[in-house]
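For reference, the structure is listed below as C-alpha cells.
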Amino acid sequence: MLEEIYNLAVEGLGGRWQSALACVLLVWVVACYLIATARLWVIDVREHRLPDRIVLPLYALLGLPLFGVILLASPDSFAQAKQTAYGAAVMLGFYALMRLASRGALGLGDVKLAGVLGLLLAYFSPLNLLWGNLLIFLTGGLYSLALILTRRATGRTHIAFGPFMLLGTTIALFFPAT
C-alpha cells in the first residue's frame, strides 16, 4: 500500500492529476482504516463486539474512495473493480458460512467486518485475499494456542476475533502478496 501511494505521488508530482487525486484518496483509505482499526480493536477486546455504527460506514468510507483510485489509476479499471468487489463478497460469504458452522461462536460483527477487509485485501490481488486470511487465522490460532498452553484459556473460552482480522489485514496491506 505504501509503495502504491509513493508511486502515485511521484506520478502526481510529474503532472498527472489523476495519479495525484488517486494518491490522496488512497491516503484517505489508509488513514480511515487505521483509525477504525484502533477503535474496533479496543472495543472488541473490551466488549467482544464490533459496533455497526463503526463497521457499516466503512463500506462507504473505504469502498468509494478505493473504487475512485481504481477508476483513476488502474490500467484495467473494470477488471480491478470487479476483483475488488468479488473479494469483498467472497470474504463476507466465507465468514458468514463460518458463523453458521460455528453456531454463533464467530460474531455477526466479524462477518460484517469481513466484507470491508475483503475490499481492501482484494484490491491488490486475489492472492492477497488468501494471504490476508492466512495471516488472520495464523495470528488468531497462535494466540489461542499460547493461551491454552499457559492455561489461561480452554477450548471453550471465547476470544475476540476482530483484532486478529484487523492485524492480519494490516500486515497484508503493508506487505501484500501480489
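Below, each value reflects all heavy atoms present in this structure, side chains not excepted, and no hydrogens, waters or symmetry copies. Nothing here was measured: the structure is a model prediction, and the numbers come from that model.
- Under a hydrophobic-cluster definition in which Ile, Leu, Val, Met, Phe, Trp and Tyr are linked whenever side-chain heavy atoms come within less than 4.5 Å, directly or via other members, Phe124 and Leu34 are assigned to the same cluster.
- Heavy atoms only, all atoms of each residue included: Ala22 and Ala73 are closest at CB-CB, 4.0 Å.
- Cluster membership check: Leu71 does not share its hydrophobic cluster with Leu119, using side-chain heavy-atom separations under 4.5 Å among Ile, Leu, Val, Met, Phe, Trp and Tyr.
- Linking ILVMFWY side-chain heavy atoms closer than 4.5 Å, directly or via other members, places Leu62 and Leu64 in two distinct hydrophobic clusters.
- Residue Glu47 places its CD atom among more than 12 non-hydrogen atoms of other residues, nucleotides or ligands, all under 6.0 Å distant.
- The hydrophobic cluster containing Leu56 also contains Ile43, counting ILVMFWY residues as joined when their side-chain heavy atoms lie under 4.5 angstrom apart, directly or transitively.
- Two residues are said to be in side-chain contact when any heavy atoms from C-beta on lie closer than 4.5 Å; Pro163 and Val45 meet this criterion.
- Leu130 and Phe175 fall into different hydrophobic clusters, where Ile, Leu, Val, Met, Phe, Trp and Tyr side chains are chained together by heavy-atom contacts under 4.5 Å.
- Between Thr154 and Ile148, the closest side-chain pair of non-hydrogen atoms is not below 4.5 Å.
- Residues Ala122 and Gly87 come closest through the heavy atom pair CB-CA, 3.5 Å.
- Under the side-chain contact (heavy atoms from CB on, under 4.5 Å) criterion, Ala105 pairs with Ser102, not counting sequence neighbours.
- Side-chain contact annotation: Thr169 with Tyr33, donor-acceptor N/O pair under 3.5 Å absent.
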Open item on the list: side chain to side chain contact (heavy atoms under 4.5 Å, CB included), that's the test. Do Leu166 and Leu117 meet it? Break it down for me.
Closed with: CA-CA 8 Å; Leu166 296 163; Leu117 301 182; 4.3 Å; yes
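- With sequence neighbours left out, Asp52 forms a side chain to side chain donor-acceptor pair (under 3.5 Å) with Lys112.
- By the neighbour-count criterion of 12 heavy atoms within 6.0 Å, atom OH of Tyr6 is sparsely surrounded, having that number or fewer from other residues, nucleotides or ligands.
- Residue Ala172 comes nearest to Gly132 through the heavy atom pair CB-CA, 3.7 Å, listed as atom of the first residue, atom of the second, then distance.
- There is a side-chain donor-acceptor pair under 3.5 Å between Tyr123 and Glu4.
- Of the inter-residue distances, the one linking Leu21 atom CG with Leu26 atom CG reads 11.0 Å to the nearest 0.5 angstrom.
- Rounding to the nearest 0.5 Å places CG of Leu135 at 9.0 Å from CG of Asn128.
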- [ ] Decide yes or no on side chain to side chain contact (heavy atoms under 4.5 Å, CB included) for Tyr95 and Met98, but give the supporting numbers first.
- [x] CA-CA 5 Å; Tyr95 277 71; Met98 283 196 318; 3.5 Å; yes
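- The CG atom of Asp44 lies 8.5 Å from the CG atom of Leu113; values are rounded to the nearest 0.5 Å.
- Contact of the Met1 side chain with the Pro176 side chain is not registered, since no non-hydrogen atoms from C-beta on lie closer than 4.5 Å.
- Considering all non-hydrogen atoms of both residues, Leu58 and Ala36 come closest at CD2-CB, 3.7 Å.
- Under a cut-off of 6.0 angstrom, the local environment of CH2 in Trp131 is sparse, with at most 12 non-hydrogen atoms contributed by other residues, nucleotides or ligands.
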Open item on the list: Working note: Val29 + Val69, criterion side chain to side chain contact (heavy atoms under 4.5 Å, CB included); need CA distance, chi angles, decisive distance, verdict.
Closed with: CA-CA 10 Å; Val29 168; Val69 170; 5.6 Å; no
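- Between the CG atom in Asp76 and the CZ atom in Phe78 there is a gap of 9.0 Å [rounded to 0.5 Å].
- Heavy atoms of other residues, nucleotides or ligands lying less than 6.0 angstrom from OH of Tyr86 number 12 at most.
- For the atom pair CG (Leu121) and CG (Asn133), the distance works out to 6.5 Å, reported to the nearest 0.5 Å.
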Open item on the list: Does Ile136 form a side chain to side chain contact (heavy atoms under 4.5 Å, CB included) with Met91? I'd like the steps, not just the answer.
Closed with: CA-CA 12 Å; Ile136 288 167; Met91 196 157 162; 3.9 Å; yes
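- Shown here for Gly115 and Ala88, the closest heavy-atom pair between the two residues is O-CB, 3.3 Å.
- For Phe164, the ring-ring contact (aromatic ring centres under 6.0 Å, His included) partners two or more places apart in sequence, or in a different chain, are Tyr143.
- To the nearest 0.5 Å, atoms CZ (Arg39) and CD1 (Ile54) are separated by 4.0 Å.
- Of the possible donor and acceptor atoms, one in the side chain of Arg99 sits under 3.5 Å from a partner among the backbone N and O of Leu106.
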